[in-house]
Amino acid sequence: MTVLLADGNVGIGGDPVRLLSRARDLLGVEGALLVETGAPGSPSGPVRLCLEDDLGTSEEFPWALLAVDDVPPVAHEAGLRPAGFWKEAGRWFAALVRP
């Protein structure tokens, strides 16, 4: 099985370790987790966001940013290991697998 977290969705809930740990539980023995990350040198860490559209602004909610350089320690803490990193069309990605 492959789990995909694209468009910065590794930030859901504001805790990438927790999210990656939950995603790891969905993987089979040979599964992979593909994660879109921020570019090298971009910020990592928790933030609070709100959504804005023509109807108004949402309440703040927890989110997180994760730069590609910060993936290895976060993956390790989530019980995963990086299997590769790449850039495609200006976007950065990491493949994570069970150790």
Side-chain angles (χ1 to χ4, degrees):
M1 172 181 282
T2 301
V3 176
L4 174 64
L5 292 171
D7 296 328
N9 284 336
V10 71
I12 292 172
D15 186 349
V17 171
R18 182 171 176 234
L19 182 62
L20 293 177
S21 295
R22 292 182 71 193
R24 181 203 64 229
D25 293 342
L26 299 173
L27 297 177
V29 175
E30 296 182 22
L33 174 56
L34 306 179
V35 179
E36 184 175 354
T37 70
S42 63
S44 288
V47 295
R48 301 223 22 110
L49 297 180
C50 58
L51 299 176
E52 221 176 292
D53 67 12
D54 294 340
L55 300 175
T57 303
S58 73
E59 292 184 28
E60 285 189 350
F61 55 91
W63 200 261
L65 305 173
L66 181 62
V68 69
D69 343 14
D70 296 320
V71 168
V74 170
H76 178 73
E77 193 173 343
L80 296 162
R81 73 169 176 81
F85 301 96
W86 70 98
K87 181 180 177 185
E88 183 71 34
R91 298 164 76 171
W92 284 87
F93 300 88
L96 308 175
V97 296
R98 289 176 175 273

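Heavy-atom basis, side chains included; hydrogens, waters and symmetry copies ignored. Positions are given from 1 along the sequence.
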Subject >> Shared hydrophobic cluster for Ile12 and Leu26 (ILVMFWY, side-chain gaps under 4.5 Å) >> reply: yes
Sequence neighbours left out, cut at 3.5 Å: what donor-acceptor pairs do the side chains of residues 91-99 make with other protein atoms?
residue: Arg91; atom: NE; partner: Glu36; partner atom: OE2; Å: 2.8
residue: Arg91; atom: NH2; partner: Asp7; partner atom: OD1; Å: 2.5
residue: Arg91; atom: NH2; partner: Glu36; partner atom: OE1; Å: 2.7
residue: Arg91; atom: NH2; partner: Glu36; partner atom: OE2; Å: 3.4
residue: Arg98; atom: NH2; partner: Arg24; partner atom: O; Å: 2.9

Original post:
If Ile, Leu, Val, Met, Phe, Trp and Tyr residues are connected whenever their side-chain heavy atoms lie under 4.5 Å apart, and connections chain through other members, are Leu19 and Met1 in the same group?
Top reply: yes
Indicate every side-chain donor-acceptor pair of residues 63-73 with a distance under 3.5 Å to a residue at least two apart or in another chain.
residue: Asp69; atom: OD1; partner: Gly41; partner atom: N; Å: 3.2
residue: Asp69; atom: OD2; partner: Gly41; partner atom: N; Å: 3.0
residue: Asp70; atom: OD2; partner: Ser44; partner atom: OG; Å: 2.6

Subject >> Rounded distance [0.5 Å steps], CD in Glu30 versus OG1 in Thr2 >> reply: 11.0 Å
Original post:
Are there more than 12 heavy atoms of other residues, nucleotides or ligands under 6.0 Å from atom CD of Glu60?
Top reply: yes
**OP:** Determine the minimum heavy-atom distance between Ala32 and Leu27, stating which atoms define it.
**Re:** O-CD2, 3.3 Å
Original post:
Is the shortest heavy-atom distance from the side chain of Ser21 to the side chain of Asp25 under 4.5 Å?
Top reply: no
**OP:** May I ask whether Val74 and Leu34 are part of the same hydrophobic cluster, defined by side-chain heavy atoms of I, L, V, M, F, W, Y residues being less than 4.5 angstrom apart, directly or through others?
**Re:** no
Original post:
Can you check whether Leu20 reaches Leu5 side chain to side chain, under 4.5 Å on heavy atoms?
Top reply: yes
Original post:
Side-chain heavy atoms under 4.5 angstrom apart, residues restricted to Ile, Leu, Val, Met, Phe, Trp, Tyr: same cluster for Leu4 and Phe85?
Top reply: no
Original post:
Could you state the interatomic distance from CD (Glu59) to CZ (Arg48), rounded to the nearest 0.5 Å?
Top reply: 9.5 Å
